[in-house]
Visitor: 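This is the structure I want to talk about, given as structure tokens.
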Protein chains: 2
Amino acid sequence: MARKSGSHSEITGPRIRTEARRLFARHGFAAVSMRQIAAAVGLQAGALYLYTPDKESLLFDLLKGHMDELLAAWAEVPAAASPPEQLEAFVRFHIRFNLERAEAVFLSYMELRNLGPDNFAAIEALRRAYENELESILRAGQAEGCFALPDTKLATLAIIAMLTGVNTWFREGGRFSRAAVEQIYWDMVRKAVAA
Amino acid sequence: MARKSGSHSEITGPRIRTEARRLFARHGFAAVSMRQIAAAVGLQAGALYLYTPDKESLLFDLLKGHMDELLAAWAEVPAAASPPEQLEAFVRFHIRFNLERAEAVFLSYMELRNLGPDNFAAIEALRRAYENELESILRAGQAEGCFALPDTKLATLAIIAMLTGVNTWFREGGRFSRAAVEQIYWDMVRKAVAA
DNA sequence: TTTGATACTGAACGATCGTTCAGATAAGCT
DNA sequence: AGCTTATCTGAACGATCGTTCAGTATCAAA
């Protein structure tokens with residue numbers, strides 16, 4: 001046996017990333033073997049090394065890709081006029097985007113410790129860049145007097161933790177629609193930061 | 001070589017759990033070998049099996065012990081009179097207790113997937129019991145009209161996620177003392193649930 | 001001082017790990 | 001049809017995994 005009929009790297013590459021993301025999210029990076037990923041795609045383990053130099057690089061590509069897309073998607077959200085409107089846009093965006101990519105979100109803060117120092121620093125920098133987007137909104141609102149926060153950095157982390165927590169319990173077809181969840185969380189955030 | 005001088009199970013047992021907790025929290029359950037744990041304690045791997053039937057049971061004991069102590073510690077907090085006072089007590093307790101046991105907290109929601117179905121269900125039940133403590137406070141406040149929440153279960157999960165998020169950034173000797181963090185988070189929670 | 005219970009070593013078991021690579025087949029261009 | 005390039009297999013490498021166990025040294029009681 002050798003090359004399979006209908007095989008193309010533009011198809012196999014994404015499938016490897018999809019299956020790796022699914023398996024890493026479900027069982028954890030360290031608990032998933034290259035052979036499991038290969039089997040999920042329908043390959044032998046050796047074939048994976050045509051697409052990634054090693055296992056950690058495969059994880060890093062998933063995390064890097066997710067963070068890049070997160071920042072790019074937020075950059076495309078039209079800028080609102082006032083800090084409260086900007087904050088509402090951020091809250092709704094964060095919940096919506098994270099629910100659409102639950103596996104990648106899960107990975108991006110559960111499996112960071114499996115990266116080497118350089119890769120770790122790269123993902124951390126992107127995460128901080130995203131946090132800074134929220135913090136600059138809070139600082140602007142603070143300066144205008146429409147928010148009352150003892151510390152904007154701390155409020156940033158508190159809000160993001162609360163919003164990301166949605167991923168741990170939300171299930172499609174449950175008691176709340178995504179739109180309803182957005183509204184409820186926005187109400188809580190709005191009140192929490194209010195002057 | 002065989003039994004070591006000064007060896008006692010009442011000493012070795014806790015040391016194994018302490019080192020296992022530390023290593024599991026730092027590198028993840030699947031990434032830590034029994035030999036690493038044994039080496040941290042100063043033993044050979046085989047000796048661990050005098051203290052645990054297998055690796056998963058060692059993890060389960062850590063998680064079970066943590067959840068039991070969490071519920072016991074909350075039960076000892078004197079009950080406040082009104083729902084807002086009860087909520088303040090809960091917020092301060094949660095932050096304080098979780099900061100004191102950062103490793104165990106980390107484990108208790110990162111390594112749940114490494115448990116078999118029965119062990120998983122046991123820990124989940126304890127976690128739900130703890131969540132119910134908070135939710136009953138929110139329901140009481142809702143009934144009395146001092147809280148305004150679209151859904152108490154959802155608010156419960158949002159608040160716990162926000163509070164537990166402290167563990168991801170708090171460092172001893174940083175810009176805020178534990179007492180200051182308690183105060184700031186309590187202010188945000190108070191405003192978020194206010195009628 | 002003898003003796004049985006307790007605590008641990010050191011070697012070994014089969015299984016599985018990430019990774020490499022020579023060889024084989026399919027795809028796509030000429 | 002022939003040739004090159006792209007894609008994958010299957011076997012193998014040494015390392016490490018969780019776990020077992022016969023043997024041995026210490027402890028504690030008699």
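The analysis underlying the following values was restricted to heavy atoms, covering all of them including side chains, and did not include hydrogens, waters or symmetry mates. To find a chain, count down the sequence lines: A is the first, B the second, and so on, and within it residues start at 1.
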Visitor: Mind calculating the distance between CG (L50(A)) and P (dA24(C)) to the nearest angstrom?
Guide: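 One finds 17 Å between P of dA24(C) and CG of L50(A), rounded.
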Visitor: Tell me whether L126(A) shares a hydrophobic cluster with L63(A), the cluster being built from Ile, Leu, Val, Met, Phe, Trp, Tyr side chains joined at under 4.5 Å.
Guide: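 Cluster IDs for L126(A) and L63(A) match.
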Visitor: Rounded to the nearest angstrom, tell me the gap between atom NZ in K4(A) and atom C1' in dA24(C).
Guide: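 To the nearest whole Å, that distance equals 14 Å.
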Visitor: Looking at R15(A) and E19(A), is any side-chain nitrogen of the basic one under 4.0 Å from a carboxylate oxygen of the acidic one?
Guide: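 Not counted as a salt bridge, because no side-chain N and carboxylate O are separated by less than 4.0 Å.
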Visitor: E56(A) and N119(A): side-chain donor and acceptor closer than 3.5 Å?
Guide: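 Yes, side-chain donor-acceptor contact under 3.5 Å.
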Visitor: If the condition is ring-ring contact (aromatic ring centres under 6.0 Å, His included), which residues does F24(B) pass it with, not counting sequence neighbours?
Guide: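 F24(B): ring-ring contact (aromatic ring centres under 6.0 Å, His included) contacts with F29(B).
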Visitor: I37(B) CD1 to dC17(D) P: how many Å, rounded?
Guide: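 Atom CD1 in I37(B) sits about 11 Å away from atom P in dC17(D).
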Visitor: Measure from the side chain of Y51(A), starting at C-beta and using heavy atoms only, and say which of dT7(D), dG18(C), dC8(C) lies closest.
Guide: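 Of dT7(D), dG18(C), dC8(C), dT7(D) is nearest to the side chain of Y51(A).
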Visitor: For dA7(C), take OP1 and OP2 only and decide whether either is under 4.0 Å from a side-chain N or O of T12(B).
Guide: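 Result: no.
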Visitor: Looking at S7(B), I'd like to know whether one of its side-chain N or O atoms comes within less than 4.0 Å of OP1 or OP2 on dT26(D).
Guide: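 Negative; the distance criterion is not met.
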Visitor: Calculate the interatomic distance between E10(A) atom CD and dT5(D) atom C1'; express it in whole Å.
Guide: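 After rounding, the gap between these two atoms is 13 Å.
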Visitor: Assess the side chains of N167(A) and T164(A): does a donor N or O sit below 3.5 Å from an acceptor N or O?
Guide: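 The answer is no; no qualifying pair exists.
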Visitor: Taking for each residue the nucleotide of DNA chain D bearing the nearest heavy atom, is the 5' side occupied by H8(B) or by R35(B)?
Guide: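 Closest to the 5' end, via its nearest nucleotide, is R35(B).
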Visitor: Whole angstrom is fine here: how far is it from CG in D54(A) over to P in dC17(C)?
Guide: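 To the nearest whole Å, that distance equals 17 Å.
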Visitor: Can you tell me which nucleotide in dA27(C), dT7(D), dA7(C) comes closest to the side chain of S5(A)?
Guide: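 Of the candidates, dA27(C) comes closest.
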Visitor: Measure distances between side-chain N and O atoms of R3(A) and base N and O atoms of dT7(D), and say whether any donor-acceptor pair falls under 3.5 Å.
Guide: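 By the distance-only test, no, there is no pair.
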Visitor: Between dG10(C) atom P and Y49(B) atom OH, what is the distance in whole Å?
Guide: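 Roughly 18 Å, once rounded to whole Å.
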Visitor: Which ones in residues 41-48 of chain B lie close to DNA chain C, meaning a heavy atom under 4.0 Å from one of its atoms?
Guide: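 Within residues 41-48 of chain B, the residues near DNA chain C are G42(B), L43(B), Q44(B), G46(B), A47(B).
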Visitor: Decide yes or no for Q183(A) and R92(A): does some side-chain heavy atom of the first lie under 4.5 Å from some side-chain heavy atom of the second?
Guide: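 The answer is yes, as the side chains (C-beta and beyond) meet within the 4.5 Å cut-off.
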Visitor: Within residues 26-34 of chain A, find the residues that approach DNA chain C with a heavy atom at under 4.0 Å, and present them sorted by residue number.
Guide: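 The stretch gives V32(A), S33(A), M34(A) as the residues lying under 4.0 Å from the strand, ordered by number.
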Visitor: Assess whether atom CZ of R22(B) is packed by more than 12 heavy atoms of other residues, nucleotides or ligands within 6.0 Å.
Guide: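 Check passes, neighbour count above 12.
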Visitor: Does the pair K64(A)/D61(A) count as a salt bridge with the N-to-O cut at 4.0 Å?
Guide: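 No, this pair does not count.
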Visitor: Is it true that E182(B) and R178(B) have a side-chain N and a carboxylate O under 4.0 angstrom from each other?
Guide: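 Not counted as a salt bridge, because no side-chain N and carboxylate O are separated by less than 4.0 Å.
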